[in-house]
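Here is the structure we will look at, set down as structure tokens.
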Amino acid sequence: MGARRDQDGDGAARGGGAALREATREGRVRQGLGTRPIVLIGLMGAGKSTVGRRLAARLGLPFRDADTEIEEAAGMTIPDIFEMYGEAHFRDGERRVIDRLLREGAIVLATGGGAFMDETTRAAVKESGVSVWLKADLDTLMRRVRKRANRPLLQTPDPEGTMRALMDKRYPVYAMADVVVESHDGAHEEVVEAVVAALDAHFDTTAGDAP
Ligand code: S3P
């Protein structure tokens, strides 16, 4: 467990300790991560999948999307799972799939908006991953989710009111994430950049705590 990885040897410089300190931010993030996954959390429309895919490419790590994996495991879409079996059934599947994905090592994992609200999943993420909350304001979220009608929880007479209620309920829990990054409506690359910088700073202050 204790081994620090020096995957690419891209100009690693000597740090103060026994481990070589990577010279690039991406290298330091991979080093700080070790074998843990980066777990993206946040509300629907926060950009977890889009940012996650780009972040993974940037860090040279595999990308996994929990919602996609749930759909593949069930052989049906999330709206169909909700409609045919209900939300509780979806949450059971979500818990199992994320538990499996958390064992894949250093990956970037985008989770569905409700995943971190589940106590078991939250504990598992805390235990084996590094969580990043992509925090967005109501306007940004609504602008993004309006593009697709694939969110069963927003099929209500007042989707904006529903989203506001979800923000009230979930944001205090999302705030338990290791790292918080504002996800604004600008270029996704800027959010990716902010995530890399925030993770680098996180590992800098928690150096020595990493497994
Ligand atoms: C949900 C978010 C969705 C999906 C499901 C439930 C939620 O994922 O998991 O519709 O509870 O917030 P995204 O956050 O990727 O849209």
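Order of listing sets the numbers, starting from 1, for every ligand and every atom in it. What you see below is based on every heavy atom in this structure, not just the backbone, and it leaves out hydrogens, waters and symmetry mates.
Residue pairs meeting the salt bridge (charged side-chain N to carboxylate O under 4.0 Å, His left out) criterion with at least one member in residues 40-54, sequence neighbours excluded, are R54-E189. Applying the salt bridge (charged side-chain N to carboxylate O under 4.0 Å, His left out) test to residues at least two apart or on different chains, the pairs with a partner in residues 166-178 are K126-D178. Residue pairs meeting the ring-ring contact (aromatic ring centres under 6.0 Å, His included) criterion with at least one partner in residues 45-80, sequence neighbours excluded, are absent.
Ion pairing between a basic and an acidic side chain is recognised when a charged N comes within 4.0 Å of a carboxylate O; R30 and D200 show no such pairing.
Ring geometry for Y174 versus F116: interplanar angle of 30 to 60°, hence tilted.
Contact residues for ligand 1 (protein heavy atom closer than 4.0 angstrom to any ligand atom): M44, K48, D67, I78, F90, R91, G112, G113, G114, R151, P152, L153, R170.
When the shell of 6.0 Å around CD of E104 is examined, it contains more than 12 heavy atoms from other residues, nucleotides or ligands.
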